[in-house]
Protein chains: 2
Amino acid sequence: MSRVTLSQWQMLAAVVDHGGFSRAAEAVHKSPSTLNHAVHKLEEQLGVAVLEPVGRQVRLTEAGEMLLRRARQLLDNAASLEDVASRLAEGLEAEIVLAIDQLFPADALARALDAFSTAFPYVRVQLHETVLNGGVEMLKDGEADLLVSGLGAHGFLGEPLVTVRFIAVAHPDHELHRLGRGLDLRDLEQHRQLVVRDSAQGRSQDSGWLKAEQRWTVSHLDTSIGMLERNLGFAWLPETRLGDSLAAGRLKPLPLSAGRVREIPLQLIHRDQDRSGPATRAMARQLRDSVRRGVGGGA
Amino acid sequence: MSRVTLSQWQMLAAVVDHGGFSRAAEAVHKSPSTLNHAVHKLEEQLGVAVLEPVGRQVRLTEAGEMLLRRARQLLDNAASLEDVASRLAEGLEAEIVLAIDQLFPADALARALDAFSTAFPYVRVQLHETVLNGGVEMLKDGEADLLVSGLGAHGFLGEPLVTVRFIAVAHPDHELHRLGRGLDLRDLEQHRQLVVRDSAQGRSQDSGWLKAEQRWTVSHLDTSIGMLERNLGFAWLPETRLGDSLAAGRLKPLPLSAGRVREIPLQLIHRDQDRSGPATRAMARQLRDSVRRGVGGGA
DNA sequence: GAGACATGTTCGATTTCCTCGAATGTAGTG
DNA sequence: CACTACATTCGAGGAAATCGAACATGTCTC
């Protein structure tokens, strides 16, 4: 099993690129005989002639041309690999873990992840879509590097990120709409409310601020929307998640006479602001930017 | 500029795969200290720890996991590269040059090329769509490895490949159709015939067997069809190229009272049957197979 | 066409660095 | 507390890369 060295391919490439052994030798800071030796050994190992003499020069053979083309890719990959390693050496994380509350606008999250992945293509992202204490728990247990949540975490410093506006919605045919009048909180208590389950393992706390008599609890906000569109109740939901459903008339805001909109400020919290690596910082920046752009352009 | 060797990555992979230095050492037929040295040098060169001690074993660090994943791809690519070289060493051509007469059914050619490219993904194909002596000329000048042509080449041995059936066609509104009767050759002579130009550089010879008074010569058969569909003349064309046009009614066979169909046997000719490499032979086989399948399935 | 030049090639000496076995250290195990 | 199994360190040996010098071969110039 003969093994050709990367530097052998490299030297072959140098000879071809610089047009000859002597010129290449200068460029690579080696002696011409070294290059000659390396290339000939390569040819011997492969059993294929890659260079052929033409006059007092050498040229690639047909086979050599083909092999070198692929070898260059190999060299690029190797260089890229070491480049990744060097960034890792500078403290770049191999993986970052995000705990993002489901309240956070999905399109802003998508934009942030997209921008991040182009800037840091080799950093894996673990995204946890959390609810309430679920995210806080992950942060406190050291399982998440970055948290976006509506709840503050004691002992952690957060910065305000974006404020999510909540509205109460239901299917257009829902009984609350059929009343045909302004509603107050007591009206809502009479009907089934859909709330999202706290994703924390330990002590958990319910989403939704109203003590509805009937209450269904689901794990994901999208599930909740799906059930609303099937007219299975009403719910308080972030405006940003309702764009399509409202526009298409599948859902309709409830006509509350007061307190129609509730606002929850989301915070961006680092596990350890000072010790966080460049990828975590970049992701935090992307999250900030994406909500800013989202406010400026979309809403 | 530190350069990590392929074998260093290889040794790291071995250590990880076999779960430890000593086990890996046996598998790779090296001493444990060799592996240790190689891995530690790698870590030093990259400035990143890839293995971490856990108990009396070692495990990949997060960074190591990420780097090794990419390194494995690199190793695969390197192995693949040498594999290609070994086939080249066995006589596999880096490139084959085909001279295929335009009469050859396009779908059969496409099938053959497709099958060939999966079997020999690294062999480049140069396809020349020739006419009459053009292909023969390429063969005799040593520019083509394989020829498919209706003309024989003196001094070369050919094998019958497929017989192409020619019919005379014109636009449905063409004057020849308006006559509303069986036609003989003298009728055809009165109208403009489209012929395809011989692609030979040297002595060339016209396609089309009739001495029409008016004659337009084009370079490609498809051009001819396009002009026919614009009712610019009539032409003798291979049946297989007319499928769509006839079915859609854009062209219509001329009602010749005799000699309605002309048949031209195409031959498959090697430049040098004995010295041809495996790729050329395989391509020849694919061409044979594809016309056989074409007859069985299509027509 | 003869010399000068530039280039690839071969050869032997030198040095680098890869490889190995023995010794050492350390964490689990009875 | 010995014992095992493993990683690790060290120094010696050797294989292989590197180099400079001599050689061969082709082009260019006069």
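These figures come from a predicted structure and were not determined experimentally. So that the names make sense, note that chain A is the first sequence line, chain B the second, and so on, each numbered from 1.
- A straight line from CD of A/Glu44 to P of D/dA16 spans 11 Å, rounded to a whole angstrom.
- Scanning atom types as modelled, no donor and acceptor separated by under 3.5 angstrom connect the side chain of A/Ser33 and the base of C/dG8.
- Taking every heavy atom of both residues into account, A/Ala27 and A/His18 meet most closely at CB-NE2, 3.3 Å.
- The NZ-P distance, from B/Lys41 to C/dT16, rounds to 13 Å in whole Å.
- Position along DNA chain D of the nearest nucleotide to A/Pro32 versus B/Gly20 favours B/Gly20 as the more 5'-ward residue.
- Judged purely by distance below 3.5 Å, without hydrogens or angles, the side chains of B/Arg70 and A/Ser80 pair a donor atom with an acceptor atom.
- For B/Arg56, the listed nucleotide lying nearest its side chain is C/dA27; candidates were C/dA27, C/dG8, C/dT19.
- Put simply, A/Ser31 has no side-chain N or O that comes within less than 4.0 Å of OP1 or OP2 on D/dT18.
- Pairing each heavy atom of A/Val196 with each of A/Ser219, the nearest pair is CG1-O, 3.7 Å.
- Neither OP1 nor OP2 of D/dT18 sits under 4.0 Å from any side-chain N or O of A/His37.
- Using a 4.0 Å heavy-atom cutoff across all strands shown, B/Thr34 reaches at least one base atom of the nucleic acid.
- The interatomic distance linking B/His29 (NE2) with C/dG21 (P) rounds to 14 Å, in whole Å.
- Taking atom NE2 of residue B/His40 and atom P of nucleotide C/dC18, one finds them 15 Å apart after rounding to whole Å.
- Side-chain polar atoms of A/Ser7 and A/Thr5 form no donor-acceptor pair below 3.5 angstrom.
- Atom pair B/Phe21:CZ and D/dT9:P shows a separation of 10 Å (rounding to whole Å applied).
- Per the geometry, CG belonging to B/Leu51 stands 14 Å off C1' belonging to D/dC6, to the nearest Å.
- When side chains are defined from C-beta on, A/Phe21 counts as touching A/Val39, because their heavy atoms get closer than 4.5 Å.
- Rounded to an integer number of Å, the gap from A/Asn36 CG to D/dA17 P is 14 Å.
- Regarding B/Arg23, its CZ atom lies at a distance of 13 Å from the C1' atom of D/dT4, rounded to whole Å.
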